[in-house]
There are 2 protein chains.
Amino acid sequence: MELEQYQHFLVLAQTLHYGQAAQNLGVSASALTRSIQKIESTLGHALFIRDKRSVRLSQAGHVFRAHALEASKGWAELKDHLAQENDSPTGDLKIFCSVTACYSVLPDLLAPFRRAYPGVQIHLQTGDAADAMSKVLDGVADLTITAVPDQLPSRCVFNSILKTPRVFIHSANDPDAALYREGQALDWSKIPMVLPERGLARERIDECFAALGIRPKIYAEVSGHEAILAMVNLGFGVGVVPALVLEKSPYHNTLSILPSPKFSKPLAPYDVGLCMLKRDMSRSPLKQFWDLVLTLGR
Amino acid sequence: MELEQYQHFLVLAQTLHYGQAAQNLGVSASALTRSIQKIESTLGHALFIRDKRSVRLSQAGHVFRAHALEASKGWAELKDHLAQENDSPTGDLKIFCSVTACYSVLPDLLAPFRRAYPGVQIHLQTGDAADAMSKVLDGVADLTITAVPDQLPSRCVFNSILKTPRVFIHSANDPDAALYREGQALDWSKIPMVLPERGLARERIDECFAALGIRPKIYAEVSGHEAILAMVNLGFGVGVVPALVLEKSPYHNTLSILPSPKFSKPLAPYDVGLCMLKRDMSRSPLKQFWDLVLTLGR
DNA sequence: ATACTGTATTGCGATTATTGCAATACGGTT
DNA sequence: AACCGTATTGCAATAATCGCAATACAGTAT
């Protein structure tokens with residue numbers, strides 16, 4: 001008997017409505033049906049009386065409800081008890097992190113986590129954000145802090161931590177710097193740009209320009225926000241990076257922000273968050289990390 | 001958290017030995033290892049301290065043990081409570097049964113079951129014993145009462161109910177009846193025989209004769225014990241059937257038992273028992289039936 | 001009467017998890 | 001140093017689970 005099924009039962013016992021209970025639980029109605037059927041089958045008693053129009057607890061259902069409540073309470077008490085033990089939870093935590101996230105959001109998460117769970121061994125690996133998802137899917141990393149992917153694999157869950165606008169930047173070293181500073185309307189099809197080589201960021205930028213019928217003039221394609229900053233700083237062109245990346249970089253007072261082109265469809269902000277496997281939501285110390293991030297977010 | 005895993009934990013907590021505990025539980029050591037790992041992972045605490053030479057409970061392990069015992073007790077109480085409810089367990093029970101078993105052992109099982117669990121709707125189907133296993137595997141039947149198969153599918157469990165010797169029989173109508181009655185050594189290679197067309201019984205008989213270097217003279221190949229009885233009763237030859245089948249048949253006083261040939265490797269008794277899917281061992285009302293048979297067997 | 005709506009259940013294909021076997025890692029022992 | 005005993009892990013096979021779409025079925029509206 002799964003503890004999760006107890007929860008299914010308890011919610012259904014309250015709502016007395018499969019569709020609604022399923023929605024509350026975040027599962028499909030068929031999954032809920034089968035959870036209940038499975039309990040009934042192991043118990044040998046019908047827990048609910050369904051007469052096609054209404055659902056209500058049977059006698060055995062009431063008995064089981066008392067048990068399920070008791071069991072849930074026992075489980076909660078256990079966790080309390082363990083939390084108050086002097087020894088903190090143990091385990092390994094393999095984090096994969098883009099450099100961007102490593103500079104920007106990671107410190108704010110890792111410090112309190114370390115304080116709360118000193119027994120957890122943390123392995124931190126940085127790398128290209130494009131690899132983040134596959135690292136998690138392959139089990140090389142337990143969780144990753146990175147931009148929200150174009151489409152989340154079904155096995156993963158994502159929790160946004162912060163959003164920061166994307167800004168267009170240029171350097172005083174740029175031959176055209178004077179032009180940019182005048183604040184006039186710019187012809188974006190003629191401005192040399194430093195853009196990401198691939199990945200979600202590049203796609204979004206291309207889409208936004210395309211919506212205006214503009215084919216940007218690409219001076220360089222590079223990999224990684226930090227590389228963009230470096231190139232732009234050398235005066236090679238105009239780049240696009242998340243504002244936060246600029247702020248945390250050593251170039252933040254040598255580079256200037258340009259007003260964004262008048263996109264019909266605005267460039268979505270850079271959304272960075274936590275991503276891990278659904279499966280691990282119930283596992284330690286991943287659950288602890290996830291929960292901590294939630295509390296910090298509020 | 002599975003209730004089954006609680007059991008795994010509790011047994012390991014007692015034996016403090018993976019191999020031994022695994023054997024007690026009837027699972028492989030690796031499965032046990034993973035059960036424990038999973039609990040530890042969801043709790044975030046090591047339950048056992050392993051130092052390659054010994055296994056002992058950790059502090060968190062002791063805490064969890066108290067919880068697990070409590071939870072087990074609660075579960076047992078629940079089942080007690082439900083058992084004492086006035087409404088008996090409900091459900092369907094689809095039984096597939098060879099005719100032989102239907103006459104011989106089924107009544108002794110079904111009567112007490114019906115008395116104990118009147119709420120269970122019983123569906124009984126008889127048919128060729130050779131089909132029994134596939135009926136269960138295909139989900140057409142929940143359980144079957146039949147001879148132990150040559151090799152049990154891995155998804156199934158089997159529980160022997162009774163064994164009865166196989167006997168060689170002949171009829172007074174047989175032209176050679178006088179010969180048989182004299183009690184002299186018989187030349188089995190010359191005696192016409194009525195044997196099962198296929199299946200385990202036939203294979204065993206062939207093996208036993210083959211071990212003596214004898215190729216029996218087959219007069220007829222038929223399907224089903226009852227058919228053998230009928231053919232033998234008409235005087236067509238000598239047949240082999242489980243003793244119990246003979247006793248329960250209408251021919252039991254018109255047919256006579258011959259001394260068995262002196263097989264070097266004796267003909268194994270007919271072993272009839274209960275077979276169902278492992279999966280269903282925890283489901284109702286199959287578990288009830290299984291348990292009832294166990295108690296009757298003792 | 002017939003079509004329609006809301007609700008629980010079931011069939012099915014695809015995805016995940018679990019198992020057991022064999023291989024491995026790692027102390028202690030001969 | 002080779003060998004045991006024991007827990008763990010890699011891997012391939014097996015089984016369970018999920019969500020979607022189809023179905024069943026009672027009440028309601030047209």
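Everything numeric in this text was worked out from a predicted model, so none of it was measured. Reminder, nothing fancy here: chain letters follow the sequence lines and each chain counts from 1.
Atom P of nucleotide dG10(D) and atom CD of Gln37(B) are separated by 10 Å, given to the nearest angstrom. The nearest whole Å value for the distance from the CZ atom in Phe48(B) to the P atom in dT8(D) is 10 Å. Atom CG in Leu32(B) sits roughly 14 Å away from atom P in dT6(D) (whole-Å rounding). One can place CG of Asp138(B) at 14 Å from P of dG11(C), the figure rounded to the nearest angstrom. Here dT15(C) presents its P atom at 16 Å from CG of Leu152(A), a figure rounded to the nearest Å. Regarding Leu12(B), its CG atom lies at a distance of 14 Å from the C1' atom of dT8(D), rounded to whole Å. If you measure from atom CG of Asp51(A) to atom P of dT9(C), you get 11 Å, rounded to the nearest angstrom. Atom pair Leu47(A):CG and dT9(C):P shows a separation of 12 Å (rounding to whole Å applied).
Between Phe64(A) and Phe9(A), the ring-plane angle classifies as perpendicular under the 30° and 60° cut-offs.
At least one side-chain nitrogen or oxygen of Lys38(A) sits closer than 4.0 Å to the OP1 or OP2 atom of dT17(D).
In this structure a side-chain-to-backbone donor-acceptor pair under 3.5 Å is missing from Ser98(A) to Ala129(A).
In summary, Lys38(B) and Glu4(B) do not engage in a salt bridge, as defined by a charged side-chain N under 4.0 Å from a carboxylate O. Arg50(A) has a carboxylate O that lies under 4.0 Å from a charged side-chain N of Glu40(A), or vice versa, which qualifies the two as a salt bridge. Electrostatic pairing of Glu207(B) and Lys265(B) counts as a salt bridge here, judged by a charged N lying under 4.0 Å from a carboxylate O.
Using a 4.5 Å heavy-atom cutoff, the side chains of Leu82(B) and Pro89(B) are not in contact.
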Note to self: With side chain to side chain contact (heavy atoms under 4.5 Å, CB included) as the criterion, how do Val136(B) and Leu143(B) come out once you've worked through the C-alpha distance, each side chain's angles and the decisive distance to 0.1 Å?
What the structure shows: CA-CA 6 Å; Val136(B) 170; Leu143(B) 66 83; 5.6 Å; no
Check: Does the pair Val140(B) and Phe96(B) meet the rule for a side chain to side chain contact (heavy atoms under 4.5 Å, CB included), with working shown?
Finding: CA-CA 9 Å; Val140(B) 178; Phe96(B) 182 88; over 6 Å; no
Margin query: Run the side chain to side chain contact (heavy atoms under 4.5 Å, CB included) test on Gln125(A) and Lys94(A) for me, step by step, so that the C-alpha distance in whole Å, both residues' side-chain angles and the decisive distance to 0.1 Å come before the verdict.
Written below: CA-CA 8 Å; Gln125(A) 183 192 0; Lys94(A) 288 174 292 186; over 6 Å; no
Check: Going through the distances and angles, do Thr146(B) and Thr144(B) end up as a side-chain hydrogen bond (donor to acceptor under 3.5 Å, both in side chains)?
Finding: CA-CA 6 Å; Thr146(B) 184; Thr144(B) 174; 4.9 Å; no
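Looking at every heavy atom in both residues, Ser154(A) comes nearest to Lys278(A) through O-NZ, 2.9 Å.
Closest to the side chain of Thr33(B), out of dT14(D), dT8(D), dA8(C), is dT8(D). Listed nucleotides: dA15(D), dT9(C), dT15(C). Nearest to the side chain of Arg155(B): dA15(D).
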At a cut-off of 3.5 Å, list every protein nitrogen or oxygen paired with a nitrogen or oxygen from nucleotides 19-22 of chain D, distance to 0.1 Å.
unit_1, atom_1, unit_2, atom_2, d
dG19(D), OP2, Ser28(A), N, 3.1
dG19(D), OP2, Ser28(A), OG, 2.9
dG19(D), N7, Ser30(A), OG, 3.1
dG19(D), O6, Arg34(A), NH1, 3.0
dC20(D), N4, Ser30(A), OG, 3.0

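Of the residues in residues 16-25 of chain A, those placing a heavy atom less than 4.0 Å from an atom of DNA chain C are His17(A), Tyr18(A), Gly19(A), in numerical order. Contacts with DNA chain D (heavy atom under 4.0 Å) in residues 273-286 of chain A: none are found.
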